[in-house]
J.: 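One structure is given below, represented as structure tokens, and several questions about it will come after.
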Amino acid sequence: MSKKLYKPGFDFLSNYLSFKYNIEVIQKPFAEDAWYPRLDKIYINSNNHWKDRLIALMHESGHVQLDKNKDFKENIKYKNSIFYTADRIRTKSEFVEVINEELLAWNLGKMLAKDLNIKFDPQRLDFTASNCVLSYIKSGLQSVYGKTININQIDPRV
């Protein structure tokens with residue numbers, strides 16, 4: 001059921017990204033869902049169900065829009081924070097930039113899917129986005145504050 005419902009949206013979004021931005025979407029087993037701007041490639045874990053692949057591609061499409069659209073870089077507080085992986089964040093400013101970028105990517109991906117009339121599970125999207133953002137918050141706090149903060153009490157799944 002998931003394949004019939006979500007694969008067409010995944011394929012449509014992949015084709016859209018290829019046409020509009022010349023982005024190649026590659027599905028690979030055990031790949032980390034990620035946008036690689038220097039390669040113009042998005043990798044998606046093909047082990048996941050189509051519902052989750054679509055949600056991952058929506059999110060990564062948000063990163064593409066941020067990186068490829070000058071208006072975002074000029075008109076909002078956005079610096080490409082690709083080099084600030086959660087475990088490499090050192091300052092509060094970098095931490096805020098990462099969280100901002102992640103939230104923007106989730107929202108832009110969702111808006112693009114809606115604009116393209118792609119069917120997706122909004123509850124699953126909200127669940128996944130919340131878990132991902134909270135995991136960034138948790139690891140970012142650990143990276144910035146080290147042992148001075150007890151992040152073990154933060155459960156991103158709740």
Side-chain angles (χ1 to χ4, degrees), residues 1-17 20-21 23-37 41-69 72 76-82 84-89 92 94-145 149-158:
M1 176 77 162
S2 177
K3 184 175 182 177
K4 282 184 182 178
L5 191 58
Y6 300 110
K7 185 180 184 306
F10 182 95
D11 291 340
F12 189 80
L13 184 53
S14 294
N15 290 333
Y16 173 85
L17 293 169
K20 178 147 180 147
Y21 299 107
I23 304 299
E24 182 181 9
V25 176
I26 300 165
Q27 296 184 70
K28 189 174 178 182
F30 306 106
E32 179 179 348
D33 298 329
W35 156 237
Y36 295 93
K41 294 182 190 307
I42 293 174
Y43 280 85
I44 300 293
N45 184 346
S46 63
N47 293 35
N48 291 334
H49 293 284
W50 284 104
K51 180 190 297 191
D52 293 321
R53 288 188 220 183
L54 174 58
I55 287 171
L57 183 58
M58 288 167 57
H59 174 68
E60 300 309 331
S61 77
H63 285 291
V64 169
Q65 292 173 79
L66 286 169
D67 287 340
K68 298 289 186 176
N69 188 330
F72 288 118
I76 61 174
K77 182 178 172 22
Y78 164 71
K79 239 196 284 189
N80 185 335
S81 59
I82 191 162
Y84 302 142
T85 58
D87 59 334
R88 291 180 53 203
I89 297 169
K92 289 184 269 185
E94 290 172 351
F95 179 46
V96 169
E97 287 172 14
V98 168
I99 299 305
N100 186 44
E101 180 180 343
E102 291 303 313
L103 290 169
L104 285 167
W106 282 110
N107 287 314
L108 288 169
K110 182 179 182 178
M111 290 182 343
L112 179 60
K114 284 183 173 184
D115 289 347
L116 296 174
N117 293 314
I118 294 173
K119 291 180 180 12
F120 61 91
D121 180 341
Q123 282 108 2
R124 184 66 174 184
L125 174 71
D126 290 344
F127 174 82
T128 303
S130 297
N131 284 348
C132 290
V133 170
L134 285 171
S135 72
Y136 264 97
I137 289 171
K138 184 176 177 178
S139 52
L141 286 171
Q142 181 71 59
S143 185
V144 171
Y145 293 103
I149 188 169
N150 181 4
I151 61 162
N152 293 327
Q153 294 179 359
I154 301 170
D155 187 351
R157 297 168 296 158
V158 176

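Only this structure's heavy atoms are used, side chains among them; waters, hydrogens and symmetry mates stay out.
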J.: Nearest heavy-atom pair of L57 and S14: which atoms, and what distance?
T.: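 Here L57 and S14 meet closest at CD2-OG, 3.4 Å.
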J.: State, yes or no, whether a side-chain contact exists between E60 and L13 at a heavy-atom distance under 4.5 Å.
T.: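 No, side chains not in contact.
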J.: Given side chains that start at C-beta, do those of C132 and W106 come closer than 4.5 Å, heavy atoms only?
T.: yes
J.: Closer than 3.5 angstrom, by distance alone: can the side chain of S130 be matched with the main-chain N or O of F127 as a donor-acceptor pair?
T.: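 Side chain of S130 to backbone of F127, a donor-acceptor pair under 3.5 Å: no, none is there.
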J.: Might you point out which heavy atoms bring I99 and Y136 nearest each other, and give the distance in Å?
T.: CD1-CB, 3.8 Å
J.: So which heavy atom on A113 is nearest to which on M58, and how close?
T.: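 It is CB-CE, 3.7 Å.
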J.: Could you grab the distance from atom OH of Y43 to atom CD of E24, nearest 0.5 Å is fine?
T.: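 Rounded to the nearest 0.5 Å, the OH-CD separation comes to 7.0 Å.
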J.: Checking the side chain of S46 only, and the main-chain atoms of Q27 only, is there a donor and an acceptor separated by less than 3.5 Å?
T.: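 No; judged by distance alone, with no hydrogens or angles, the pair does not exist.
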J.: Let me confirm one number: the CG-CG distance from L108 to L103, rounded to the nearest 0.5 Å.
T.: 10.5 Å
J.: Check for a donor-acceptor pair, side chain of N45 on one end and backbone N or O of D33 on the other, with a separation under 3.5 Å.
T.: no
J.: Does some side-chain heavy atom of W35 sit less than 4.5 Å from a side-chain heavy atom of I23?
T.: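 Yes. Closest side-chain heavy atoms under 4.5 Å.
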J.: Which distance, rounded to the nearest 0.5 Å, do you find between the CD of Q65 and the CG of L17?
T.: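 Here the rounded value is 8.0 Å.
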J.: Can you tell me how far the CG atom of D121 sits from the CG atom of L54, to the nearest 0.5 Å?
T.: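 One finds 10.0 Å between CG of D121 and CG of L54.
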J.: Tell me the closest heavy-atom pair linking K3 and P8, and the distance in Å.
T.: O-CD, 3.5 Å
J.: Heavy-atom distance under 4.5 Å between the side chains of I118 and F10, does that happen here?
T.: no
J.: Nearest 0.5 Å, please: how far is CZ in F120 from NZ in K114?
T.: 5.5 Å
J.: Less than 4.5 Å apart, side chain to side chain, heavy atoms only: is that true for E101 and E97?
T.: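 The answer is no, as the side chains (C-beta and beyond) never meet within the 4.5 Å cut-off.
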J.: Where is the tightest heavy-atom contact between A105 and L66, given as atom of each residue plus distance?
T.: N-CD1, 4.0 Å
J.: Specify the closest pair of heavy atoms between D52 and N48, including all atoms of both residues, with the distance to one decimal.
T.: CB-CB, 4.1 Å
J.: Roughly how far, to the nearest 0.5 Å, is CG of D11 from CZ of R53?
T.: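 Going from CZ on R53 over to CG on D11, the span is 10.0 Å.
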